[in-house]
Each structure stands twice: as C-alpha cells, then as structure tokens.
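One structure below.
Both counts, for ligands and for their atoms, begin at 1 and track the order of listing.
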Amino acid sequence: MARFITDGFHHVTGVVSDAQRTVDFYRDLLGLSLVKKTVNFDLTNTYHLYFGDAAGSPGTLLTFFEWPNAQRGRFGIGGVHHIALSLQDDVAQLRWKRRLTDAGVKVTGPYDRGYFSSIYFTDPDGQVLEMATAGPGFAIDEPANALGHHLIVPDPSRLPAGRDEVTIAATTWPEPVQVITADMAIQSIHHVTGHTDDLESAHDFYTSALGLSLVKMSLNQDDARTKHYFWANYDGRTVRESSDMTLFGWPARAPKAREGTGQTHHVAFRARDDDEQIAWRDYLESLGLHVTAVRDRKYFRSIDFRTPDGLLIEIATDGPGFAVDEDPGSLGRALCLPEWLEHSRSEIEAGLRPLI
Ligand SMILES: [Fe+2]
Ligand SMILES: [Fe+2]
C-alpha cells in the first residue's frame, strides 16, 4: 500500500478556561484573525474558536475548546510542550518581544537555536508559545540533501552554560510597538514540540503514519543531557514550512501529560482531499492503528488516532474551508453552527457568553 506524506500541520487545538480572554490574547494582542466562532460539536454548550490568517489557511490555525471548569493541564510524555509560530526575521521577533512585554507578558529569549532564533512566552492559560524566525534552517550544520543522518551536538555557545543570559534578557526593540505591522505578521505554525520517552517508536510512527522524515537529530539546547529530534515533510532537498514536529526525548518513567487548560488537546495534519483521507485511513489501519471513522467537522473532515505515547493526532482535509458558511470577508463574526445543530440555536446561544 502506498505511503502517505502529509503536507504539514492543518491546525493545533488547545484547551482554555475563558473564551473572551482567549480572543483578547490571540486576536487583539497576537493579531491573528478569529476565522470561526462555533461550538464544540461533541459538547455543544461550549465554544470552539478558530484563529489563523485572514483566510483560515491550513497550517496557520490555532483552535481552542473552552472548558470553563476543567483542571489545569500539564505537559509531559504524550503531550505538547510548546507551539512555535513563524516570523519572517529577527527584527519582527524583537518587535514582538517589546509588544508582548509592554502588555505584561513575560518573554524569554531571543535564543539562537542555530536553525532559527526563538522567543518564548505563555498564553493566559499557561500554554507555552514560541515565536521562531523562518530561517536560517536545518542546512547550517548538515548538507541540505542529507539532513538527519547524524547526531548533531550544538555549539557550546547555544547551551545554558555558554549563553549570556543578562544580554539576552535585555535585548528588545527600543520603541513601544502598538501596531502590528505587516512585517511582524505571524506566518504559520513553525513547529510543534512534545515529549516522548521512546524516540525509536516515535520515529517509526511519524515516518510511517504521517510520511515525515527525520531532518535533525540533536540535543535539547536547554538540557543537553536529553535528545531533541525533528521530523518534517522533506523531499531530500527542501524542508516544507509548517511541517516540523519535534520531540524531546525524556527518560522512561517521566511524568505523563495531563489533559486540561493550557495544554494542547490534539495536533492535526493535512490531507489534500476526501479521497486521500479515506485511503490514508485504510493505510493507518493496516499499520495496526485504531482510527476513528471519518467525521464531518463542517470546515474539514477528520480522522483521529494516537501516537505510541498517547498524543491525539488528527488528519484533516484542506477543504472545504471556512468560507463554507460565512462570507470570506467577514469570517468569525457570527456564531456558526452546523446544519444538525441549527434547530437548537436558541438554546445554544442562551448558554454561551457573547464574545466581543
Ligand atoms: Fe521550539
Ligand atoms: Fe481538530
């Protein structure tokens, strides 16, 4: 049976405790577009909010379930540690550091990670976010046509003992940044990083189930006792943007992730269309994975299954997209419900706090 290769991330979904606070943060502070305001189709008295670029393109989408009374989540084995968002360059990154800091958000970095530069902060529920520069990319220490073949030990200047933390902390943009200019725009999901206690099994999973390739074997630059592996859509020449899943290799018996607010619920990868998704589902079952039936999520179709560590993975179709029930110029304005919930609209609306 043919192997399938995902084009990259479709969306990442997290859990938040307060929908309005989430809109204030992701739309108003980070400048993402709220492209769909709907409810969790499996729990219809709670919001499901979609943020991304203005069109809601796959690879740009961060979505959130509002679970007001949920416990606080925790990263760990089988969970996501952070979601990285892509910026065009380090000037944009410093402007973001200043904008976020002035808004009361604690920011660390910029750290030179070699393949990109990174700043880190958390959203109001504690989800760790990174803003990473698009380049220089993975070919700085290996040939572009032979990535991921050898363990790369980072330059000592990039490890904690070699870093000038005082200078890094003081580095920021000299002026306040009240307006998000076009050169600062968040471009896409840069990478998603989780934890595993079994890099070998994770490698088998990401290469066989999703068709990704190992593009870097290195060490965690904040804890060089542990490994850090990167997989991506890679054709032997180019690493496709917004396709990079990375894992820190933790020891066996390390704590498991716990579902809840501030923790990623699932990571969705792209399928081109319904036919590919259906064939992919058969292929995944042939690998022994337990895969859900195809579900209609209105804006895409999805199937779900789990990594060996327990992380929930979805494969979502690129279409039909977010303009299926709203004008492309006014996405996210109205509360949108799928046809099968329209008959309950008044009860659903009565149970939701309006968002501004
Ligand atoms: Fe990262
Ligand atoms: Fe999803």
Side-chain angles (χ1 to χ4, degrees), residues 6 9-15 35-36 38-43 46-52 56 58-65 75 79-87 93 107-122 127-134 137-138 154 158 188-195 215-216 218-223 226-232 241-249 259 263-271 277 291-292 294-306 311-318 321-322 338:
T6 183
F9 297 112
H10 187 286
H11 62 270
V12 179
T13 295
V15 179
V35 292
K36 196 61 64 183
T38 184
V39 294
N40 182 340
F41 294 174
D42 302 321
L43 200 65
T46 59
Y47 277 116
H48 189 183
L49 305 175
Y50 291 76
F51 301 86
T60 71
L61 296 164
L62 300 179
T63 101
F64 297 95
F65 296 137
F75 61 72
V80 164
H81 180 259
H82 63 267
I83 303 163
L85 307 170
S86 191
L87 302 177
Q93 188 174 60
V107 179
T108 58
Y111 290 112
D112 173 14
R113 300 309 199 181
Y115 317 113
F116 40 83
S117 170
S118 302
I119 60 172
Y120 301 88
F121 52 99
T122 60
Q127 170 70 59
V128 180
L129 298 170
E130 172 181 347
M131 285 180 168
T133 55
F138 292 112
R158 303 210 303 261
S188 61
I189 297 166
H190 185 289
H191 61 269
V192 175
T193 296
H195 288 111
V215 293
K216 192 65 64 183
S218 191
L219 305 177
N220 180 343
Q221 295 182 35
D222 293 327
D223 177 5
T226 57
K227 288 182 175 166
H228 189 186
Y229 283 16
F230 300 69
W231 295 268
E241 71 173 42
S242 197
S243 73
D244 179 18
M245 184 73 202
T246 102
L247 291 174
F248 296 133
E259 191 171 84
Q263 176 57 219
T264 298
H265 185 271
H266 63 268
V267 180
F269 291 87
R270 296 170 65 178
Q277 184 182 59
V291 189
T292 61
V294 174
R295 292 184 177 129
D296 182 5
R297 299 308 191 185
K298 180 84 177 174
Y299 313 108
F300 45 85
R301 252 77 63 186
S302 70
I303 54 175
D304 294 343
F305 49 101
R306 288 188 186 271
L311 178 62
L312 188 61
I313 298 289
E314 173 180 343
I315 291 178
T317 53
D318 280 358
F322 292 92

State whether Asp42 and Arg297 are salt-bridged, where the test is any N-O pair (Lys NZ or Arg NE/NH1/NH2 against Asp/Glu carboxylate O) under 4.0 Å.
-> yes

When the ring centroid of Phe248 is compared with that of His228, is the distance short of 6.0 Å?
-> yes

Which N, O or S atom of Glu314 lies nearest to the Fe ion (ligand 2), by name | OE1

Return yes when atom CD of Glu241 has more than 12 non-hydrogen atoms of other residues, nucleotides or ligands closer than 6.0 Å, and no otherwise.
-> no

Taking 2.8 Å as the cut-off, does an N/O/S atom of His11 lie below it from the Fe ion (ligand 2)?
-> yes

Is there a side-chain contact between Ser86 and Ser242, using heavy atoms and a 4.5 Å cut-off?
-> no

Which protein N, O or S atoms lie under 2.8 Å from the Fe ion (ligand 1)?
-> His82 NE2, Glu130 OE1, His191 NE2

Compute the ring centroids of Phe300 and His11, then answer whether they are less than 6.0 Å apart.
-> yes

Which pair of non-hydrogen atoms, one from Gly56 and one from Val35, has the smallest distance, and what is that distance?
-> N-CG1, 3.9 Å

Within the 6.0 Å centroid threshold, strictly below: Phe64 and His48 = no

Atom name in His266, limited to N/O/S, at shortest distance from the Fe ion (ligand 2) = NE2

